[in-house]
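These values consider heavy atoms only, across backbone and side chains, with no hydrogens, waters or symmetry-generated copies. Below, chains carry the letters A, B, ... as their sequence lines are ordered, and counting in each starts from 1.
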Protein chains: 2
Amino acid sequence: MTTVWHCQGVNPTAAPAGAVRQGSLRELNLALVLGRIAAADRPPSRAALAAETGLTRATVSAVVEDLVAGRLVTEAEPTPRAGAGRPARGLVLAGDGPAGLGLEVNVDYLAACVVDLAGTVRHHAVHRADLRPVSPTDALGRLASIAATARAAADAEGLTLAGAALGVPGLVDDAGRVRLAPNLGWRDVPVPQLLAGHPPLTETVDGVPALVVDNEANLAALGELHAGAGPGSFLHISGEVGIGAGIVLDGALYRGARGWSGEIGHIPVRPDGPPCRCGGRGCLEQYAGQEAILSAAGLAGADLPADTAPTRLAELAGDGEATVRRALREAGTALGVTVASVVNLLDLDTVVLGGGYAALTPWLRPQMLAEIERRVLTAAWAPVTVRPATLGATAAAVGAAGSVVRRIIARPAGWLSRL
Amino acid sequence: MTTVWHCQGVNPTAAPAGAVRQGSLRELNLALVLGRIAAADRPPSRAALAAETGLTRATVSAVVEDLVAGRLVTEAEPTPRAGAGRPARGLVLAGDGPAGLGLEVNVDYLAACVVDLAGTVRHHAVHRADLRPVSPTDALGRLASIAATARAAADAEGLTLAGAALGVPGLVDDAGRVRLAPNLGWRDVPVPQLLAGHPPLTETVDGVPALVVDNEANLAALGELHAGAGPGSFLHISGEVGIGAGIVLDGALYRGARGWSGEIGHIPVRPDGPPCRCGGRGCLEQYAGQEAILSAAGLAGADLPADTAPTRLAELAGDGEATVRRALREAGTALGVTVASVVNLLDLDTVVLGGGYAALTPWLRPQMLAEIERRVLTAAWAPVTVRPATLGATAAAVGAAGSVVRRIIARPAGWLSRL
DNA sequence: TCATTTAATTCAACCACTGAACAAATAGCG
DNA sequence: CGCTATTTGTTCAGTGGTTGAATTAAATGA
């Protein structure tokens, strides 16, 4: 059977809302202990885990035994030295266990990467090509061959791929179908079906779908969640050709009632502003989208590739080009007005500028902060940080791969029972 | 000791993120079974609960025995008739067990109510009075005497108050201090300390604080969550003198990183619009706040009490008053632009109009839906419902009381161990 | 009246956690 | 070098709570 699950599958609720049966106890404690090992900055000992979780040392030992047997955890080799007493044996996530395959289709590149349990990127490949003139079938065919290469690389490193996730710059529905990817020119593309001929991406590993399709901004936010400053709540704004956002609330990606949250690019900044492709008027994209910035910067005709435009803008702004700087200030103001709305609504303490915006942070941030300061009711007591994303250009692919391994960390029992 | 917890205490995470110890199993299953009994529309039998939870009938019987012993559940008297076989004994939430005390301080009234486990309002009192000229100390003193009456009423009905929650139209911090309640004229009011002389509101019942202070819009949203259409995601907009909102995501109130979410009244509609008290420009309150509507309707000098203004507006609009209708259309448009932002961001499927807006729904909704239709990217596939709140004017008080009993339903073990 | 059917309880078995005792491994100190 | 203090990790009897099957309870219908 070749079931491909909907995008909601990326972020399963760790705690079961359903029945708590006998064995759930062990399942929950496996997740708890593994989660602590993953979150620790130094390899923790069994005793330390017991102390911080509240479990008994005996229980932790039993749980860890299961995790080691399942190749999810290994004992750190250079035993971390402590003061007195029997030396602790540090536990780390296994580097040779399951891994995640992350894929990305974007306007001007395809990307694939392999991330191991610890979050280390073990393989990474980017193929630049303008995909707008390419049919979805052909684009996904090329993607499948890149994925096959990545799979081979994983095998070579002794990793077992536990699943894959694909990021797309558009709206994805529950069945993995791309309903609309305006900047790619896709509409109603049944990604799972088109990939059906490429076995490595459509197998089902014991109930867990081999491939999850998701919005690129969501995956980039997930990547930032795990690569950046730990759990918490933040808004991750991806400035690509369009503007998308991933919303992380209390350490979990919020997808919305139907999986279509984060369409920040079409939040109205000026309700009577210029008309937008979406049918509205004065959307944020009209003020801070890549085309809008380039046009305001006098580079509309320069025909820069979408992925180099932000760095070019950053260069020019760094050189003191007044027009470019003004264009970025205006974009920053529009972003600031929009972010102020979001912060008033959600009380977030952090805004992450990702995608093309990351490089432009120094020129966007001042106006953003000024608008936030002016328009957010609680700004005086509740400061908001605006910072660039820590992941690079292909954050979505890394986030996609990360989402696969994070699912294993959140629910290790599934992986263990697979053995 | 007179600890009063912060507002976050209203909505504890049902599933423990921490250690899952031996006894947690029973705790979780108590919550699971009680939750199903509470959510069922007909009194379920033990067998039915076993079937839908996945637990064994034996386990459900044991769990139910605990719940009955703890006065949380009773067997429904008129045994619901089934076809053949031994008749099932229906289980219902006890009407004589714990109850919640809900309190509200608003601009022009004080309210108190008592809600039992089943969510039935068993006592309700509203005292109208303009509280703007009254000092916080005096206002809370009056509130305490109303609360004492409510407590006596609860005793008379055989109910045991398990806690209290107080709704305030302003920003409340973690310590229960009202940082800012602009329409009430309060700033930095330490509610817990001012209530310290009123024992019934400051006792601590085995670690659970006797009183939780929270934003009124949050509590109204909670009330709607439990009185209205079950769990899900929605935005509840409270149109009082100011405009607040409660955000319910996946059946849980979202409070924000610091507890100050939902300040929808200060989302900018037109960034260069008229200046607002908050220091920003063109905030929603400038277009759809009560003063703005009254002034646009030509009733600025009419000096209507704040709580009767909405019904008066509804009457006039119903009579065909063109000016009033136009004012409401304009407010609806502004609300629609703002809600479109929210829906683009969060992908909510329902918007509930509460407070004064409830009565005005017929005149606000068309413009709201039009703006949503035009500006929400996914509106074509993902319809948004705009409906009036089901709770009446004192939704916050009922929601406050409900939040107390919902906490017991979410974590019955705490209540049972108290016995 | 009796077979049928569904509900609820009882009870031995079992699973996973608990707590204490114990073994292992090291540093510090005389 | 040997002893003690100290901390880590394991072993093991004990226990709480769920499991599954058997049993009892209480109705309907032929």
Side-chain angles (χ1 to χ4, degrees), chain A residues 16 18-34 37 40 42-69 73-76 78-91 412-413 416-417, chain B residues 16 18-34 37 40 42-69 73-76 78-91 412-413 416-417:
Chain A
V20 185
R21 306 177 64 87
Q22 182 78 258
S24 318
L25 230 159
R26 183 40 83 74
E27 276 181 38
L28 291 168
N29 283 331
L30 282 166
L32 176 66
V33 170
L34 187 58
I37 294 174
R42 261 177 306 187
S45 67
R46 292 166 175 76
L49 289 169
E52 68 178 297
T53 59
L55 295 168
T56 325
R57 294 207 303 277
T59 304
V60 171
S61 280
V63 167
V64 166
E65 192 178 18
D66 282 6
L67 293 173
V68 170
V73 164
T74 50
E75 299 200 334
T79 301
R81 283 269 52 80
R86 173 175 168 172
R89 287 195 280 170
L91 299 167
L416 295 180
S417 67
Chain B
V20 186
R21 305 175 65 87
Q22 181 77 262
S24 318
L25 232 165
R26 180 42 78 79
E27 276 181 39
L28 290 168
N29 282 332
L30 282 168
L32 176 67
V33 169
L34 186 57
I37 294 174
R42 260 174 307 185
S45 67
R46 293 166 173 78
L49 289 169
E52 67 178 297
T53 59
L55 295 168
T56 327
R57 293 204 303 276
T59 304
V60 172
S61 280
V63 167
V64 167
E65 193 178 17
D66 282 6
L67 293 173
V68 170
V73 164
T74 51
E75 299 198 335
T79 303
R81 283 268 54 79
R86 173 174 170 173
R89 284 194 284 169
L91 299 167
L416 295 181
S417 68

Peer 1: Nearest-nucleotide wise, let me know which of A:R57 and A:L25 is further upstream toward the 5' end of DNA chain C.
Peer 2: A:L25
Peer 1: Give me the atom names and distance for the closest heavy-atom approach of A:P44 to A:L49.
Peer 2: CG-CD2, 3.9 Å
Peer 1: Output the distance between atom CD1 (A:I37) and atom CG (A:L91), rounded to the nearest 0.5 Å.
Peer 2: 5.0 Å
Peer 1: Starting from C1' on D:dG17, measure out to CG on A:L28 and report it in whole angstrom.
Peer 2: 15 Å
Peer 1: Could you grab the distance from atom CG of A:L67 to atom OG1 of A:T74, nearest 0.5 Å is fine?
Peer 2: 11.0 Å
Peer 1: Measuring from atom OG1 of A:T59 to atom CG of A:L32, what distance do you get when rounded to the nearest 0.5 angstrom?
Peer 2: 11.0 Å
Peer 1: Side chain of A:N29: nearest nucleotide among C:dC17, D:dG17, D:dG9?
Peer 2: C:dC17
Peer 1: Nearest 0.5 angstrom please: A:R46 CZ to A:R89 CZ, how far?
Peer 2: 5.5 Å
Peer 1: Name the pairs: protein N/O against N/O of nucleotides 19-21 of chain D, kept only if under 3.5 Å.
Peer 2:
{"from": "D:dT19", "atom 1": "OP1", "to": "A:R21", "atom 2": "NE", "distance (Å)": "3.3"}
{"from": "D:dT19", "atom 1": "OP1", "to": "A:R21", "atom 2": "NH2", "distance (Å)": "3.2"}
{"from": "D:dT19", "atom 1": "OP2", "to": "B:T56", "atom 2": "N", "distance (Å)": "3.4"}
{"from": "D:dT19", "atom 1": "OP2", "to": "B:T56", "atom 2": "OG1", "distance (Å)": "2.7"}
{"from": "D:dT19", "atom 1": "OP2", "to": "B:T59", "atom 2": "OG1", "distance (Å)": "3.1"}
{"from": "D:dT19", "atom 1": "O5'", "to": "B:T56", "atom 2": "OG1", "distance (Å)": "3.3"}

Peer 1: Using a 4.0 Å heavy-atom cut-off, does B:S45 contact any base of the nucleic acid, only the sugar-phosphate backbone, or nothing at all?
Peer 2: sugar-phosphate
Peer 1: Would the base of D:dT7 count as contacting A:R86 through its side chain, where contact means a donor and an acceptor less than 3.5 Å apart?
Peer 2: no
Peer 1: Calculate the interatomic distance between B:D66 atom CG and C:dT9 atom P; express it in whole Å.
Peer 2: 12 Å
Peer 1: Is any side-chain N or O of A:R26 closer than 4.0 Å to OP1 or OP2 of C:dC17?
Peer 2: yes
Peer 1: Between atom CD in B:E75 and atom P in C:dT9, what is the gap in whole Å?
Peer 2: 8 Å
Peer 1: Is the distance from OP1 or OP2 of D:dT10 to the nearest side-chain N or O of A:R46 less than 4.0 Å?
Peer 2: yes
Peer 1: A:R89 has an atom CZ; how far is it from atom P of C:dA23, in whole Å?
Peer 2: 17 Å
Peer 1: Inspect the surroundings of CD in A:E65 and state if more than 12 heavy atoms from other residues, nucleotides or ligands are less than 6.0 Å away.
Peer 2: no
Peer 1: Taking OP1 and OP2 of C:dA8, is either one under 4.0 Å from a side-chain nitrogen or oxygen of B:S61?
Peer 2: no
Peer 1: Which atoms form the tightest heavy-atom contact between A:L416 and A:D66, and what is the distance?
Peer 2: CD2-O, 4.0 Å
Peer 1: Using atom CG of B:L32 as one end and atom C1' of D:dG17 as the other, report the distance to the nearest whole Å.
Peer 2: 15 Å
